[in-house]
Amino acid sequence: MAVFAVFQTTFLLALLSWRTYQSEALSEPLPLTPESLKVSINSTQQCLHLQWSVHSLAYHQELKMVFQIEISRFNTSNVIWVENYSTTVKWKQVLHWNWESELPLECATHFVRIRSMVDNARIPEPRSWSSWSSWEEVDERNSLGHGALFVFPKDKLVEEGSSVTICSISRSYQNNVSCLLEGVQMRGEQLDPNVSAFHLNNVPFIRETGTNIFCTTGRGDGTGTVLFVSKVLEEPRDFSCETPDFKTLHCTWDPGSDTGLPKRQPSQSYTLFESFSGKKILCEHKNWCNWQVAQDSQEMYNFTLTTENYLRKRGVNILFNLTHRVRPMTPFNVVFKNISDTNATMTWQVHSIGNYSTLFCQIELHGEGKVIQQHNVSIKVNGNYLLSELEPDTQYMAQVRCGDANHFWKWSEWIGKNFSTLEAAPSEAPDVWRNVKSEPGYQTVTLFWKPLSKSHANEKILFYNVVIENLDEPSKLQLHSIPAPANGTKLTLDQCSYQIHVTANNSVGTSPASVIVVSGDTGNKVEEERVNVTEDGFSMSWKPQPGDVTGYVVEWCDHPRDLPCDLQWEKLGPNTTSTVISSDAFIPGVRYNFRIYGISTKRIAYLLEQKTGYSQELAPSDNPQVVMSNLTSHSFTLSWKDYSTESQPGFIRGYHVYLKSKEGECHPGFEKAILPDDSVSCKYKIYNPEQKTFVVENLQPESFYEFFVTPYTSVGEGPLDAFTKVTTPDEHSHLLIRIILPTVFCVLLIMIICYLNSQWMKEKCYPDIPDPYKSSVLSLIKSKENPRLTIMSVKDCIPDAIEVINKPEGSKIQFLGSRNSLTDTEITQPAYLYLLPTEKNSSGPGPCICFENFTYNQAASNSGCCGHVPVPPEAPSQLGLLTSPENLLKVLENNYMNSLGEIPAGETTLNYVSQLVLPLSRDKDSLQTDPPVPALCSEYKMQMAIPLGLASPPPNEKSSVSSVTLLDQGEPHH
Amino acid sequence: MRAQLTQRMLLSLVLGLLFLSTAATGSCSGKYQGLLEQLRSQADYMQDTSRLLDPYIHIQGLDTSGLKEHCKERPGVFPSEDALWRLSRWDFLQILNATLGQVLHRLTTFQQDLPQLKDLGMVMLYIRGFQSNIHCMCQLLGSSSEAAKPTQASPAPPLPTLASDAFQRKLEGCRFLSGYHHFMHSVAQVLREWGKSPRRIRRHSPRQALQKGAHGTHLFSRGRRLAPSGQLPW
């Protein structure tokens with residue numbers, strides 16, 4: 001017991017002394033220097049790893065300390081990093097610390113030292129640092145091998161957009177290292193004579209196989225490294241969870257970009273952690289994960305979805321009540337029951353989501369691709385709904401989806417099915433109209449009807465029945481069955497009144513009848529009016545009809561230029577007095593005619609109004625064929641009466657008459673206008689479309705004009721055609737015509753009269769020459785001079801002398817065939833010129849004997865021709881000169897002078913010159929160049945006397961004798 | 001361009017069918033010329049760099065200036081053309097078969113690393129078919145006296161181990177494919193010579209005749225290099 005007491009005392013003293021010692025130790029700075037500092041390199045992480053311990057700590061002592069770490073690069077004085085690391089240190093604990101270097105650690109020697117300081121609040125400040133540990137050097141360059149050039153880091157994995165430092169180590173000081181990033185030179189920084197650094201900021205993702213960096217020295221050595229750049233790990237989006245049955249939770253999210261790199265970094269992983277239960281699962285899929293709902297009635301769930309790769313970790317969180325995240329499974333077993341022509345009952349089933357849960361279901365009915373009905377219904381397990389107002393014989397598709405009625409979250413998937421309603425008889429009467437043409441003794445009724453809409457036909461229409469009831473004789477009925485799809489029929493009826501019933505029939509039944517009445521009455525004629533056109537169509541109105549009208553019908557043709565014209569109609573109620581007719585068939589430039597009928601209570605249609613118009617007027621398409629007439633020197637008339645205004649693409653409002661003249665000035669009424677071809681013309685406007693003639697007046701004679709007539713509508717005028725050219729005649733030409741024509745007429749008249757009275761004229765002007773044998777002279781000659789004298793035949797006569805009668809003042813006589821002239825010869829007695837035949841004339845008839853013909857007067861001889869006078873052959877050109885009296889005189893004078901020397905002088909008074917038949921003409925002015933018929937002297941037809949004046953030339957040497965011409969029958973010239 | 005593509009596709013199809021038919025039936029044709037013609041056509045097909053080398057260069061991003069020049073065949077990996085000329089037919093086929101086996105092994109690693117190299121699977125199939133034809137030709141030659149001749153050929157050396165860093169592996173792959181295409185070009189040249197004189201044993205190429213005695217009988221020369229980016233010397 002005493003021993004125990006001593007031991008106890010000793011222990012207490014020892015404890016006291018230890019406590020005292022401890023208190024003293026804490027009150028002073030403790031020399032807790034870090035020891036056993038070791039530095040290593042993690043090349044992959046590019047980290048310096050430090051580990052050390054504090055040996056001075058007492059057993060089980062825990063002390064909060066601060067360690068200051070210094071890192072130098074290349075040499076100890078180049079401190080690049082200082083960091084204080086605070087931690088609680090335990091006895092014999094080995095401390096670790098990592099430092100990630102921006103510069104690859106292989107490229108530089110690093111030095112590390114550390115010191116410590118106790119960080120205890122009970123120790124008053126200032127606290128003191130321990131002494132530094134010795135520098136620890138880390139240099140990887142010694143273990144690189146024998147290569148000439150090295151590039152670091154190797155195969156570094158970074159995120160897109162991060163910054164990276166590449167360094168190169170060259171064994172030689174003279175090497176000039178250049179590095180290319182994907183072929184592009186990088187700018188470097190010389191850290192050491194052997195070390196260069198290249199800083200890359202915001203590195204891009206180029207390819208999954210990595211970004212190539214290639215460095216070379218000036219000597220051609222080269223090496224490189226690959227920088228693996230991955231996409232940035234994104235935070236999952238749209239993370240949500242839902243349950244279809246309270247058994248499983250289906251969580252989905254949008255993962256974003258895949259950060260995986262083949263052989264370098266797998267795709268990011270996803271884990272789901274629920275904080276209330278503390279459960280965690282690794283999701284097999286990148287965008288969804290299933291979570292088994294616990295059976296312990298856990299309602300609240302707090303999920304954290306975490307995604308990570310080698311470089312980054314991200315997470316999103318959702319907190320929800322399970323009952324608020326119910327999305328029912330897709331309904332099933334959809335069936336249609338009790339299908340009729342207009343109704344069907346739809347039934348379906350849903351998967352249960354709990355004993356007391358109610359589902360809210362939505363039903364959609366689709367017809368022809370559109371939603372035509374939508375209904376909502378609440379159900380427990382089995383659902384049904386009556387679809388009504390359906391069309392007979394129609395195919396539909398109905399679909400249903402459901403959601404939680406208590407806490408609606410999302411709809412289930414749709415489930416749908418097709419069904420068809422049953423067929424039914426057509427529900428409406430066909431829309432019927434007619435066209436009646438009355439002919440003598442009968443009428444042709446063409447019935448038209450429109451096909452029933454699908455909703456009214458209820459099935460395919462098979463045929464139409466047309467029942468014709470004679471109202472005058474009700475017992476007479478006709479039935480025509482027209483097979484579909486005909487839309488009309490033609491009936492030939494007599495002039496009686498008929499009531500026509502038209503029904504449409506399908507396989508189920510007959511539609512209500514459409515009734516129409518036609519009567520033999522042709523109806524009244526009304527005046528046509530123009531219809532207004534709006535953007536919506538033809539707007540027309542009509543006066544309300546007094547009395548009972550059951551309705552109105554507007555009728556028109558969609559294609560009025562075609563046959564058949566595609567008759568259209570619109571039926572309107574009795575209170576309607578206006579409508580707008582529109583049709584896709586309406587095209588601009590076509591005139592449409594509308595007829596408005598009133599339907600009486602007896603169903604007879606009678607014409608009320610007629611209207612016409614264009615959906616859009618156009619300019620005239622062609623110009624009239626203009627006929628010009630009444631052309632004078634000052635005007636002409638244009639007419640185009642054949643031009644039809646009805647067929648034009650617009651209402652013709654008038655005409656433009658264009659006139660061009662050389663002067664360029666416009667006549668009154670015309671105005672200057674510029675034509676589409678930029679030429680200038682004068683334009684006259686005719687405002688009356690019915691005026692189809694125009695007189696162009698005030699023109700200049702003998703002037704050139706061009707005209708052109710074109711119609712115009714409200715849109716514009718017709719196309720520019722060629723101008724017609726016209727030249728006005730001379731101002732007097734018509735006057736001349738007025739004079740010449742009557743004159744010619746008169747001359748002709750006179751000539752006719754003269755011809756008719758030619759015998760009379762002949763007798764009056766040219767009496768027959770008396771027959772010499774019957775002349776009284778003959779008897780006288782016979783009795784006085786020569787009893788042997790007989791009548792000489794003309795053909796035996798050769799003229800050989802001309803009797804010249806000398807005048808008192810004297811004249812020169814020239815004998816034929818002689819060049820000697822006799823001058824100053826006094827001839828007081830008549831002398832004869834003897835006409836001697838020439839050599840050429842030797843073969844001719846014999847010479848004639850000249851004699852005096854007392855029955856012939858001188859005046860008559862003046863009108864004759866001297867053509868029978870022989871002309872010397874050497875002077876044929878003188879013939880032309882004989883046409884005038886002066887020339888004749890000259891010729892005579894010359895010939896006379898030539899022949900004077902051979903012919904004895906005679907009397908100078910010439911009574912008879914020659915006797916010769918003039919076979920062709922009596923005109924003294926005309927000369928016959930053809931040789932005459934040698935019938936000279938055959939008959940004594942003509943006689944000529946040279947007048948005395950002509951035979952008495954002026955008193956000079958050359959023309960002192962009377963002119964005498966000898967006849968030359970061999971060379972006859974007239 | 002489109003016509004060329006179509007022709008290429010057609011040729012590929014025909015050759016593929018040829019390979020497959022031989023490999024699938026397992027029976028060898030007894031006609032020397034027909035078999036030789038197939039081997040020649042298949043060698044021509046496999047020397048086409050657009051099958052492997054060009055896509056590889058593109059996928060690895062080596063088609064940039066500075067890197068193209070370093071994508072050259074590494075000497076000693078494949079038997080040189082001169083060495084192939086010196087071989088007996090039977091030895092030639094043995095060496096060819098062994099080399100293609102190594103090529104197949106290497107291409108298998110490519111298949112894992114580069115799923116983007118789409119034609120790789122088809123090329124490997126073709127190589128297997130080519131090996132079947134080699135087998136058939138060996139059988140055909142085995143019955144002749146040539147088969148009994150002693151061989152001077154050494155077996156194909158093992159392929160070098162893969163480099164540790166990705167950059168070197170890229171270049172090594174490129175050089176390997178370049179050597180492969182060049183090797184198949186040499187094979188096609190030798191097979192073409194076989195067609196000219198089916199009964200004549202040609203031991204020396206004209207070029208090699210000048211170098212006779214200088215290089216001994218080494219299969220893998222170190223002097224020849226292939227042009228980069230699939231441009232083979234013709």
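Letters A, B, ... are given to chains in the order of the sequence lines, protein chains preceding strands, and every chain is numbered from 1.
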Checklist outcome for this item: Of all heavy-atom pairs linking Ala166(B) and Phe228(A), the shortest is CB-CZ, 3.6 Å
Checklist entry - Side chain, backbone, both or neither: which part of Ile206(A) has a heavy atom under 4.5 Å from chain B? => result neither
Checklist entry - With only heavy atoms counted, which part of Leu62(B) is less than 4.5 Å from chain A, the side chain, the backbone, both or neither? => result both
Distance-only check: which donor-acceptor pairs of chain B and chain A lie under 3.5 Å?
residue: Ile59(B); atom: O; partner: Thr209(A); partner atom: OG1; Å: 2.7
residue: Gln60(B); atom: O; partner: Asn212(A); partner atom: ND2; Å: 2.8
residue: Gly61(B); atom: O; partner: Asn212(A); partner atom: ND2; Å: 2.9
residue: Asp113(B); atom: OD1; partner: Lys263(A); partner atom: NZ; Å: 3.4
residue: Gln116(B); atom: NE2; partner: Glu208(A); partner atom: OE1; Å: 3.4
residue: Ala166(B); atom: N; partner: Asp155(A); partner atom: OD1; Å: 3.0
residue: Ala166(B); atom: N; partner: Asp155(A); partner atom: OD2; Å: 3.1
residue: Gln168(B); atom: NE2; partner: Thr223(A); partner atom: OG1; Å: 3.4
residue: Lys170(B); atom: NZ; partner: Thr209(A); partner atom: O; Å: 2.8
residue: Lys170(B); atom: NZ; partner: Asn212(A); partner atom: OD1; Å: 2.6

Item to check | Heavy-atom pair count under 4.5 Å with chain B, highest-scoring of Val184(A), Ile213(A), Leu180(A), Val226(A) | outcome: Val226(A)
